[in-house]
Amino acid sequence: MKRAVQETARVLENRTIGPGLHWLALAAPRLAAQSPPLPGQFLHMLPDEERSDPLLCRPISVLDFDAGDGRVEVYLQVFGEGSRILAARGPGDPLEIIGSAGRAFRDTPPERALYLVAGGVGLAPLYFLARRIAARAQAARPRRVELLLGARHAGLLPGGGLLERLPQPPRIATDDGSRGARGTVVALLEQLLEREEGPVEVAGCGPSPMLAALERFLARRRLPGQVSLEQVMGCAMGACQGCVVPARLADRGTGAGEGYARVCTEGPVFEAGEVDWDALAGRGLFRHAGGA
Amino acid sequence: MASLEVQFGPLRLRNPVVAVSGTFAYGDEYGDLVPLDRLGAIVTKTVTALPRPGNPPPRVAETPSGMLNSIGLSNVGVREFLGRKLPALQGCGTHVIVNVAGRTAREFADLAGEVGGAEGVSAIELNLSCPNVSHGMDLATDPEATEEVVRLAVEATRTPVLAKLTPNVTDIALVARAAERGGAAGISLINTLVGMSVDLATFRSRLGTNTGGLSGPAIRPVALAAVWKAVNAVRIPVLGMGGIARAEDAVEFLLVGARAVGVGTATFRRPSAMEEIADGIADFLAARGLSSVDEIIGAYVPSAAAK
């Protein structure tokens with residue numbers, strides 16, 4: 001197995017499943033054979049090989065992966081020029097990828113109920129995780145997994161049959177109550193955990209303010225968890241040190257120097273408590289820096 | 001089959017393509033993607049006396065056909081470099097050039113001496129484009145300071161010393177000549193251009209610092225002109241870099257007289273870029289019935305105009 005490969009993947013399908021939301025399937029046999037993705041990992045995707053503008057690859061979480069087919073899926077939200085170009089790719093088009101990159105979600109003890117908390121396009125890695133856990137579940141010891149999905153309003157939720165592929169229907173939260181519970185997805189988590197008696201673990205992915213709120217909740221309740229971050233990246237391979245966030249890593253070293261961790265290598269999945277959200281908030285990083 | 005071998009001062013390179021400092025760490029991270037034995041040389045991330053965590057994020061911001069970086073010389077420090085990173089590079093299959101930066105001329109010399117004495121180092125590259133305490137400005141903007149640092153570094157080690165120059169000067173020929181007088185075995189240029197980008201949503205810099213270094217295709221014409229001027233100012237070999245993405249770009253730099261070409265930002269987009277550039281240079285030569293890179297180095301035909 002290789003840490004990463006570079007491949008000219010081929011688009012198999014591109015489904016528009018919401019406003020600016022695209023579900024892409026790619027054929028990537030090299031990736032499948034030499035660097036198969038795990039839930040939490042991402043692909044560094046080049047918008048247009050022929051053009052130097054936009055220049056950089058975009059790091060996009062893997063939504064799903066079928067080893068047998070060599071088929072990898074991603075969930076794109078059009079945010080800036082790079083993502084717009086990627087989202088416009090049609091069947092048969094080439095798409096340059098580098099992957100699989102990043103630190104995946106770690107295994108969690110099966111006796112703990114696992115709550116997956118997704119905000120917007122942060123759904124992707126948690127969707128992959130939920131499906132993989134279900135595929136590997138042993139009938140004798142079924143694993144409890146709850147997936148919570150938040151959006152500002154119902155119109156922003158992904159359609160196209162995506163959610164129907166989850167092992168069980170997700171619990172929805174919308175800010176305006178247009179679908180599911182009214183309020184934030186972290187508030188929904190708090191409500192659900194009030195009724196939870198056994199041990200619990202959480203994994204979250206979504207916009208930075210959501211993750212910061214989730215971590216504050218986990219710290220208050222002393223619950224274990226993992227969070228998957230995003231960050232603008234240069235190389236995505238750990239070489240350029242461009243994607244760091246302020247962090248103190250528990251029980252593991254950093255390759256980014258004192259007080260920092262690379263989102264592409266020590267992340268994107270971090271343990272709850274490692275990332276310094278206050279420091280990130282203070283830098284105006286609570287938004288998609290630079291667009292995608 | 002055309003020969004891509006070039007002589008770069010005392011170093012013989014299998015081809016003119018070099019991975020530039022800051023884009024390739026210490027050669028390990030790209031290990032599975034870029035076979036080092038297909039490169040002419042790699043230049044390590046800058047090594048400083050003490051470990052440096054680097055600047056607060058964001059450290060990269062995309063700009064038109066380019067990117068700004070404000071990494072801040074994040075590195076493991078010379079102790080860890082010599083103890084762990086350099087041994088891991090032994091037998092890596094290509095020349096290892098170690099980039100160093102000090103806060104004073106004396107510190108540059110000490111680093112050159114320490115690193116130069118280590119096994120497996122083909123050359124030292126002095127990163128003169130970093131803020132400097134005793135002068136209060138980039139060393140490489142001052143010819144006298146450049147000559148002093150180079151001289152002290154050359155005296156400290158038998159390993160060849162290269163001086164990396166900044167484009168942020170009025171006349172790069174002055175600094176190039178100063179490096180040559182100091183005894184540099186070669187010069188490398190250009191380092192990044194000073195640039196800035198403001199986020200309209202936050203009114204702040206898109207970087208954690210106010211300004212950063214611009215790289216990528218946007219800077220290529222600036223780099224090419226600087227390389228041409230430097231080549232015509234000195235006799236020592238020039239490693240030309242700045243926005244090289246494809247073989248055609250590399251050939252431009254060779255034509256104006258660079259003996260080797262550096263590739264950095266392009267690797268982020270396409271790890272195979274350096275190999276493709278080497279292959280493309282070979283194709284360029286073959287298509288013209290030329291048998292070696294030396295036949296195009298410096299083959300640029302200057303205009304009769306004053307500039």
Side-chain angles (χ1 to χ4, degrees), chain A residues 1-8 34-35 44 46-49 51-58 80-82 96 98 231-247 254-265 279-280 282-292, chain B residues 19 22-34 45 51-77 197 199 201-208 215-218 220 243 245-246 264-273:
Chain A
M1 283 305 152
K2 293 191 177 174
R3 199 175 341 183
V5 295
Q6 174 185 335
E7 180 169 18
T8 306
Q34 297 175 32
S35 187
H44 213 30
L46 186 58
D48 191 336
E49 208 270 312
R51 292 169 44 184
S52 61
D53 192 15
L55 183 76
L56 297 172
C57 292
R58 273 39 180 172
E81 187 62 10
E96 300 294 327
I98 305 167
Q231 179 64 296
V232 177
M233 293 183 186
C235 71
M237 294 287 104
C240 74
Q241 302 281 344
C243 65
V244 302
V245 289
T254 178
E258 180 81 22
Y260 288 118
R262 295 166 292 183
V263 175
C264 73
T265 303
L280 274 178
R283 298 219 166 84
L285 278 169
F286 268 28
R287 47 176 296 288
H288 288 277
Chain B
T23 66
F24 215 65
Y26 309 101
D28 183 50
E29 289 74 1
Y30 272 103
D32 285 340
L33 287 160
V34 183
K45 172 72 186 180
R52 289 176 58 101
N55 285 336
R59 292 181 178 177
V60 306
E62 188 176 73
T63 57
S65 295
M67 57 171 274
L68 286 168
N69 89 76
S70 64
I71 308 294
L73 298 184
S74 159
N75 79 102
V76 296
S197 181
D199 186 331
T202 60
F203 289 12
R204 298 177 187 207
S205 169
R206 284 172 61 217
L207 298 169
S215 67
R220 195 165 64 235
R246 296 178 203 245
T265 304
T267 302
F268 297 170
R269 272 172 69 88
R270 203 169 165 81
S272 58

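Below, chain A is the first sequence line, B the second, and so on; all start at residue 1. As the structure is a computational prediction, the values presented were derived from the model and not from experiment.
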K.L.:
Which pair of heavy atoms, one from Ser74(B) and one from Ala256(A), lies closest together, and at what distance?
P.N.:
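Heavy-atom minimum between the residues: OG-O, 4.0 Å.
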K.L.:
Under a 4.5 Å cut-off applied to non-hydrogen side-chain atoms, are Val232(A) and Glu62(B) in contact?
P.N.:
no
K.L.:
Taking side chain as everything from C-beta outward and backbone as N, CA, C, O, which of these in Thr23(B) sits under 4.5 Å from a heavy atom of chain A? Side chain, backbone, both or neither.
P.N.:
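Backbone only.
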K.L.:
Identify the two heavy atoms, one from Cys235(A) and one from Phe268(B), that lie closest to each other, and give their separation to 0.1 Å.
P.N.:
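In this case the closest contact between Cys235(A) and Phe268(B) is CB-CD2, 3.4 Å.
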K.L.:
State, with a plain yes or no, whether a side-chain heavy atom of Ile98(A) is found less than 4.5 Å away from one of Pro271(B).
P.N.:
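Of all side-chain heavy-atom pairs linking Pro271(B) with Ile98(A), at least one is under 4.5 Å.
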K.L.:
Tell me every residue that passes side chain to side chain donor-acceptor pair (under 3.5 Å) with Glu258(A), counting only those two or more places apart in sequence or in another chain.
P.N.:
Arg248(A)
K.L.:
Is it the backbone or the side chain of Thr265(B) that comes under 4.5 Å from a heavy atom of chain A, or both, or neither?
P.N.:
side chain
K.L.:
If you tally heavy-atom pairs under 4.5 Å against chain B, which of Cys243(A), Gly257(A), Pro54(A), Ser52(A) wins?
P.N.:
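Highest number of heavy-atom pairs under 4.5 Å: Ser52(A).
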K.L.:
Test side chain to side chain contact (heavy atoms under 4.5 Å, CB included) on Glu29(B) and Arg262(A); report intermediate values, then the result.
P.N.:
CA-CA 13 Å; Glu29(B) 289 74 1; Arg262(A) 295 166 292 183; 4.2 Å; yes
K.L.:
Given that the side chain runs from C-beta out, which part of Asn75(B) has a heavy atom under 4.5 Å from chain A: side chain, backbone, both or neither?
P.N.:
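No part of Asn75(B) comes within 4.5 Å of chain A.
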K.L.:
Checking Ala4(A) against chain B: side chain, backbone, both or neither under 4.5 Å from a heavy atom?
P.N.:
both
K.L.:
Side-chain contact, heavy-atom cut-off 4.5 Å: Asp32(B) with Met237(A)?
P.N.:
no
K.L.:
Taking all non-hydrogen atoms of both residues into account, name the closest pair between Val60(B) and Met233(A) and its distance.
P.N.:
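Looking at all heavy atoms of both residues, the shortest contact is CG2-C, 4.1 Å.
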K.L.:
What part of Gln34(A) gets within 4.5 angstrom of chain B, counting heavy atoms only: side chain, backbone, both, or neither?
P.N.:
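No part of Gln34(A) comes within 4.5 Å of chain B.
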K.L.:
So do the side chains of Pro246(A) and Pro57(B) get within less than 4.5 Å of each other, counting heavy atoms only?
P.N.:
yes
K.L.:
Heavy-atom distance under 4.5 Å to chain B: side chain of Leu46(A), backbone, both or neither?
P.N.:
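Leu46(A) touches chain B through side-chain heavy atoms alone.
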K.L.:
For a quick test of reading the model, state the closest non-hydrogen atom pair linking Leu33(B) to Gln6(A) and the distance between them.
P.N.:
CD2-N, 3.3 Å
K.L.:
Measure Phe24(B) against the heavy atoms of chain A and call it side chain, backbone, both or neither at under 4.5 Å.
P.N.:
backbone
K.L.:
Could you tell me the separation between the SG atom of Cys240(A) and the CZ atom of Arg59(B), rounded to the nearest 0.5 Å?
P.N.:
9.0 Å
K.L.:
Testing the basics here: between Pro53(B) and Tyr260(A), what is the closest heavy-atom pair and its distance to 0.1 Å?
P.N.:
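Taking every non-hydrogen atom into account, O-CD1, 3.5 Å.
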K.L.:
Pick one of side chain, backbone, both or neither for Pro64(B), based on which atoms fall under 4.5 Å of a heavy atom in chain A.
P.N.:
both
K.L.:
Counting only non-hydrogen atoms closer than 4.5 Å, does Arg270(B) touch chain A with its backbone (N, CA, C, O), its side chain (CB onward), both, or neither?
P.N.:
both
